[in-house]
Amino acid sequence: MSSRPEILFPLFSDLTGLDGVGPKTALNLATMGIEKPRDMLFSLPHSVVDRRPRDTVQGVENGQIATVEITVVSHQAPRQRGRPYRVNVRDRSLEFQLVFFHAREDYLRRILPDDSRRVVSGKVEIYDGMAQIVHPDHVLTPDEATKIPEFEPVYPLTAGVTQKVMFKASRSALERQPELQEWIDPSVVQKENWPSWNGALDAAHHPTDSLTLGPDVPARKRLAYDELLAHQLTLALARASERKAKGVVSKPTGDLQTKVLKALPYTPTGAQTRSVKEIAADMAAPIRMNRLLQGDVGAGKTFVAFMALLVAVEAGGQGVMMAPTEILARQHLEGLHPLATDAGVRIEVLTGRDKGRDRAAKLDALAKGEIDILVGTHAVFQKDVHFHDLRIAVIDEQHRFGVRQRLELGAKGEAVDVLVMTATPIPRSLSLAQYGDMDVSVLDEKPPGRTPVKTALVSTGRLDEVVEKLRGAVAEGRQCYWVCPLVEESEVVDMTAAEERFKHLRAALGEGVVGLVHGQMPPKDKDAAMAKFVAGEIQVLVATTVIEVGVNVPNASIMVIERAESFGLAQLHQLRGRVGRGAAVSTCLMLYQAPLSETGQRRLQVLRDSEDGFRIAEEDLAMRGAGDLIGTAQSGLPRFQIADLERQAGLMAMAQKDARLLLSQDPDLSTDRGQAARVLLWLMEQDKAIRLISVG
């Protein structure tokens with residue numbers, strides 16, 4: 001079934017087929033993302049107006065809406081231009097006025113003739129002690145008054161689109177909705193007490209009070225679940241199609257791993273041991289591994305990754321580890337070299353810096369299988385890089401490796417196993433949305449021997465004190481990062497520029513003590529400054545956030561973050577993780593500009609009180625929302641119209657379970673429920689997923 005099912009045609013037809021929508025209105029609606037009747041159905045009201053009829057406007061609070069039957073008493077046309085036109089009216093208990101600006105008298109006398117009875121509905125305002133309704137929303141004869149809904153939904157609007165247009169068009173779209181078969185597991189529907197899809201849409205577009213607008217009302221929750229289920233089905237189908245790609249079986253012997261474990265000065269944590277087991281089991285299976293290794297700063301991901309690389313070597317193959325930058329690639333090499341020596345395997349690094357004979361020799365050794373493990377930057381993608389037998393690619397996710405690059409790398413070997421590492425603890429709901437097609441291993445324990453970092457909040461007013469303290473620390477041979485928020489002085493944002501801070505600290509601490517790294521520098525200069533800091537030739541590194549990515553300088557034990565309130569929680573946590581890597585007691589000073597906003601204060605306190613990246617990420621999500629958290633541009637997060645990732649994390653997990661279960665029982669979606677699920681995928685415009693369903 002590769003074309004849209006006929007039952008959905010009415011929802012994917014032209015918008016102008018809906019009542020009250022002409023070509024011009026259709027263009028305006030398109031700016032809101034409403035391009036067909038289906039989009040109209042998913043644009044739900046955000047509030048509701050109570051228009052139930054009452055006897056009198058007496059006692060109605062200022063600004064409240066009232067619907068009341070009146071008798072027209074008299075018309076008062078304005079004496080001069082620009083003044084309002086007033087119509088005196090009377091309900092059962094009170095005389096009041098209807099007020100119109102820039103109105104035509106003939107029109108008003110036609111719709112409100114003297115002595116006639118009418119039903120009016122609008123906002124009551126008290127002006128000079130007298131009640132008035134300015135420009136009533138409805139003026140109808142008592143016979144027509146039944147047209148006014150008792151509870152009128154209020155829709156989001158855009159220029160050129162009124163509530164009346166939205167109301168009419170949404171009612172017209174509701175009339176077109178086909179009766180669709182149920183795609184949710186019946187036991188879930190029953191347990192959650194959810195209406196059918198059609199019932200849920202009707203209820204969502206007919207709210208009766210503000211309580212029926214919340215995300216936890218059965219109708220809205222059900223519609224959110226439909227979106228999440230379609231998304232998780234898409235991911236599960238992608239996963240299933242990847243799994244059809246046969247993997248290479250890499251059975252570990254355990255010899256090399258045992259050598260490394262014997263030589264280790266510490267015992268791996270339970271989480272590390274568990275993750276290594278999960279990865280080894282995946283690699284020994286005949287399907288391709290696609291796993292995410294999620295671990296907080298300092299949870300020991302590198303060790304787990306190295307053990308995974310050894311599994312490939314033990315099975316007679318090779319492994320590659322990818323890093324986003326040259327500095328990180330060399331750092332990975334330094335970290336892994338002693339382990340490789342313990343295991344007796346050959347490890348090399350390949351970056352853009354390798355040229356001429358050196359490069360040719362490395363490539364030759366790689367193609368012959370003499371290099372067991374290669375560490376590299378994206379230089380590894382180049383056409384002339386050939387492996388003898390590549391089994392696993394470990395990707396450090398910091399540089400947002402796209403799915404496309406994962407596939408390119410996979411093409412370097414026969415169905416290469418992929419392990420993606422991320423140091424950003426991602427709340428569960430988001431990791432399911434972003435990495436739902438992958439299996440996840442989580443490192444949720446810290447290895448022993450890492451000293452906790454002391455975190456303190458200091459107002460920028462005490463800057464001189466901080467610099468004084470720093471002078472003492474530098475004299476003792478300690479190293480410090482000083483992170484600034486922006487590169488150029490900007491008038492709008494009064495943040496101290498990195499260059500200004502660099503000059504200031506250099507003047508205070510002396511030449512040759514302070515270095516500078518920021519995003520605008522040429523990569524060569526950046527690398528050189530970083531290398532000096534790593535080698536201990538400079539004591540203080542002034543930097544913009546370029547350093548949050550994986551740099552490892554065990555001697556650096558002080559982190560100063562300027563204008564900390566302007567950073568996100570996860571980012572602050574990442575920055576703090578750059579210190580506390582050696583034996584020295586480490587300190588993180590968060591400089592903030594007083595007065596702090598309430599959220600700013602809460603954010604910094606969460607950080608001061610916790611070192612648990614997952615807890616911090618959950619808090620961050622609760623405070624900022626999903627888009628901000630990952631940066632909307634590269635978030636890779638799907639956009640949902642109804643589902644709310646922050647508030648409905650539990651629904652996402654439920655949808656993942658349901659989607660995987662459905663596909664395990666019905667891989668080509670051919671049962672009744674499977675067919676209904678196909679319709680859901682078309683309805684949610686997941687056409688890509690439909691192509692993945694195996695035909696027959």
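Not measured: the values here are computed from a predicted model.
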**Asked** After noting the C-alpha distance and the side-chain angles of Asn198 and Ser196, does the key distance pass the side chain to side chain donor-acceptor pair (under 3.5 Å) rule?
**Response** CA-CA 5 Å; Asn198 301 81; Ser196 67; 4.6 Å; no
Ring centres under 6.0 angstrom apart (Phe12, Trp682): no
**Report entry** Arg117 with Glu69: basic N within carboxylate O range, under 4.0 Å
**Finding:** yes
Salt-bridge criterion met for Asp666 and Arg678 (N-O under 4.0 Å) = no
Between the NZ atom in Lys123 and the CG atom in Asn62, the distance rounded to the nearest 0.5 Å is 9.0 Å
Side chains of Ser187 and Asp185, donor plus acceptor under 3.5 Å: yes
Show, in sequence, the C-alpha distance, side-chain angles and deciding distance for Asp39 and Lys36, and conclude whether the side chain to side chain contact (heavy atoms under 4.5 Å, CB included) test is met.
CA-CA 6 Å; Asp39 306 331; Lys36 46 198 169 305; 3.2 Å; yes
Output for pair (Met684 CE, Leu228 CG), nearest 0.5 Å, gives 9.0 Å
Asp672 meets the side chain to side chain donor-acceptor pair (under 3.5 Å) criterion, sequence neighbours left out, with none
Pair Asp55-Asp91, side chain to side chain contact (heavy atoms under 4.5 Å, CB included): steps then yes or no: CA-CA 7 Å; Asp55 291 339; Asp91 63 26; over 6 Å; no
For Pro84 and Val99 the tightest heavy-atom approach is CB-CG1, 3.6 Å
CG of Leu229 to CG of Leu651, rounded to nearest 0.5 Å, is 10.5 Å
Salt bridge (Lys or Arg N to Asp or Glu O under 4.0 Å) pairs touching residues 6-33, sequence neighbours excluded, are none
Sorted by chain and number, sequence neighbours left out, ring pair (Phe, Tyr, Trp, His ring centres under 6.0 Å) with Phe42 holds for none
Assess the residue pair Asp202 and Leu174 against the criterion (side chain to side chain contact (heavy atoms under 4.5 Å, CB included)); give the C-alpha distance rounded to whole Å, side-chain angles, the decisive distance to 0.1 Å, and a yes or no. CA-CA 7 Å; Asp202 279 333; Leu174 283 168; 3.6 Å; yes
Could you check, using the six-membered ring where one of them is a Trp, whether Tyr155 and His46 have ring centers closer than 6.0 angstrom? no
Within a strict 4.5 Å, meaning less than it, do heavy atoms of the Arg673 and Gln665 side chains meet? no
Quick one: do Asp226 and Arg222 make a salt bridge, cutoff under 4.0 Å?
yes
The side chain to side chain contact (heavy atoms under 4.5 Å, CB included) partner of Val188 among Lys191, Gln190, Glu192 is Glu192
For Val57 and Ala66 the tightest heavy-atom approach is CG1-CB, 4.2 Å
What one should report as the nearest heavy-atom pair of Met289 and Leu419 is CE-CB, 4.0 Å
